[in-house]
Amino acid sequence: MYPNQRNRRLRQSPALRHLVSENQLTCNDLMLPLFVAEGTEVKDPIVAMPGCYRLSLDLLRNELKAIADLGIKAVLLFVKVDDALKDNKGTEAVNPEGLMQKAIRTVKSITPEMVVMSDVALDPYSSFGHDGIVEEGKILNDPSVEVLSKMALSHALAGSDFVAPSDMMDGRVLSIRTVLDEAGLIDTGIMSYSAKYASSFYGPFRQALDSSPGFGDKRSYQMDPANRLEAITETLRDIEEGADIVMIKPGLAYLDIIRDIRENIEAPIAAYQVSGEYAMLKAAAEKGWLDHDTVMMEQLLAFKRAGANLIATYHAKEAAKLLA
Ligand code: PBG
């Protein structure tokens, strides 16, 4: 009790504070999401995500070296698909010569040591902008899982280290694991978006990929932001089905979920600081209302404190520079 215990004693100097700090953010925690576009010499700025671009494969090559030099260990790939290639069957999603498959091969050839995580969901490929196959206004579960599994297989064959299903269909992790194993791809991992909420924080991302739902919303497959216990159920199920890493998304507004899941599982947990979170900080910093770098680092550290092991963040390069 005071004055025997003075909590400020441990805060007197930077050295002391470092000695007793409970959590650290390092470059090893960061995954950088990247947007890939068709064409050459394409560097399209994404309006609501200052500092992020859609890059064509040739420019991605140079970018990858810079990312690796900063010490970033993993990239999360997303592709912007031409409208002409979109349908309701995911035809282009399983094309071995598709943009995603080429992007995966590009990363592995330029930076072989970089861990490649590829997004598995139909929305960028869907004429309806939904993550699965649509029939009479409904998103069908099992037929979607079948296509998603083929999609995951084609990513794995292209060299993806981890396939990352972000679709939230039931049973997709087990199906993907089975298809990968049957093909002998036992070392390809699955990072499952286990607790992915139907969130409005995804707005800037959907602009980036032109992937907004054409009708309705995603509430019949993504989770209700009101729910907590359901996140544990979803995550435990994905682990039983064969997920190696589980993800919670969005990030900051869902730190309680990260903590809940940390207390219930041993597997590595990834947090996704999504596009809307990134946009909020950029906008406030632009106005001079928040100090960009210190707020960014505080937010990233908060994920570690909540219990995340990995963080997918559009700030990865900026954070890596500050951490160096
Ligand atoms: C699509 C997908 C989304 C994000 C990642 N994968 C959007 C959505 O579900 O509508 C969002 C990422 C972000 O906002 O940064 N399957």
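Values below: every heavy atom of this structure, side chains too, minus hydrogens, waters and symmetry copies. We count ligands from 1, going down the list as the structure has it; atoms in each ligand are counted the same way.
Look at Asp167 and you'll find every heavy atom at least 4.0 Å from all atoms of ligand 1. Contact between Glu277 and ligand 1 is absent, with no heavy atom of the residue lying under 4.0 Å from the ligand. The shortest heavy-atom distance from Tyr278 to ligand 1 is not under 4.0 Å.
Within the 4.0 Å heavy-atom criterion, the part of Tyr314 lying near ligand 1 is the side chain and not the backbone. Contact annotation: for Asp123 versus ligand 1, heavy atoms closer than 4.0 Å belong to the side chain alone.
Protein heavy atom closest to atom 3 (C) of ligand 1, with residue, atom name and distance, is Phe205 CE2, 3.3 Å. The closest protein non-hydrogen atom to atom 2 (C) of ligand 1 is Lys196 NZ, 3.2 Å. Here the heavy atom of the protein found nearest to atom 11 (C) of ligand 1 is Lys249 NZ, 3.0 Å. Atom 14 (O) of ligand 1 has as its closest protein heavy atom Ser275 OG, 2.7 Å. From the protein, the heavy atom lying nearest to atom 8 (C) of ligand 1 is Lys218 NZ, 3.3 Å.
Ring geometry, Phe128 versus Phe215: the interplanar angle exceeds 60°, so the pair is classed perpendicular (tilted spans 30 to 60°). Using bins of under 30°, 30° to 60° and over 60° for the plane-to-plane angle, the ring pair Phe35/Phe78 lands in the tilted bin. Classified by interplanar angle (parallel below 30°, tilted 30° to 60°, perpendicular above 60°), the ring pair Tyr278/His315 is tilted.
In this structure, Lys196 forms a cation-pi arrangement with Tyr193, its terminal cationic atom sitting closer than 6.0 Å to the ring centre and no more than 45° off the ring axis. For the pair Lys249 and Tyr202, the cation-pi test (distance below 6.0 Å, angle within 45°) is passed.
Under a 4.0 Å N-O distance rule, the pair Arg177/Asp181 qualifies as a salt bridge.
In the candidate list Ser166, Gly132, Ser211, Ser166 is nearest to atom 16 (N) of ligand 1, counting heavy atoms.
Proximity to Ala121 (heavy-atom distance under 4.0 Å) selects the following atoms of ligand 1: 16 (N).
By the 4.5 Å heavy-atom criterion applied to side chains, Met1 and Gln5 are not counted as neighbours.
Residue Gln222 has at least one nitrogen or oxygen atom sitting less than 3.5 Å from a nitrogen or oxygen atom of ligand 1, judged on distance alone.
Between the side chains of Ser118 and His155, at least one donor N or O sits under 3.5 Å from an acceptor N or O.
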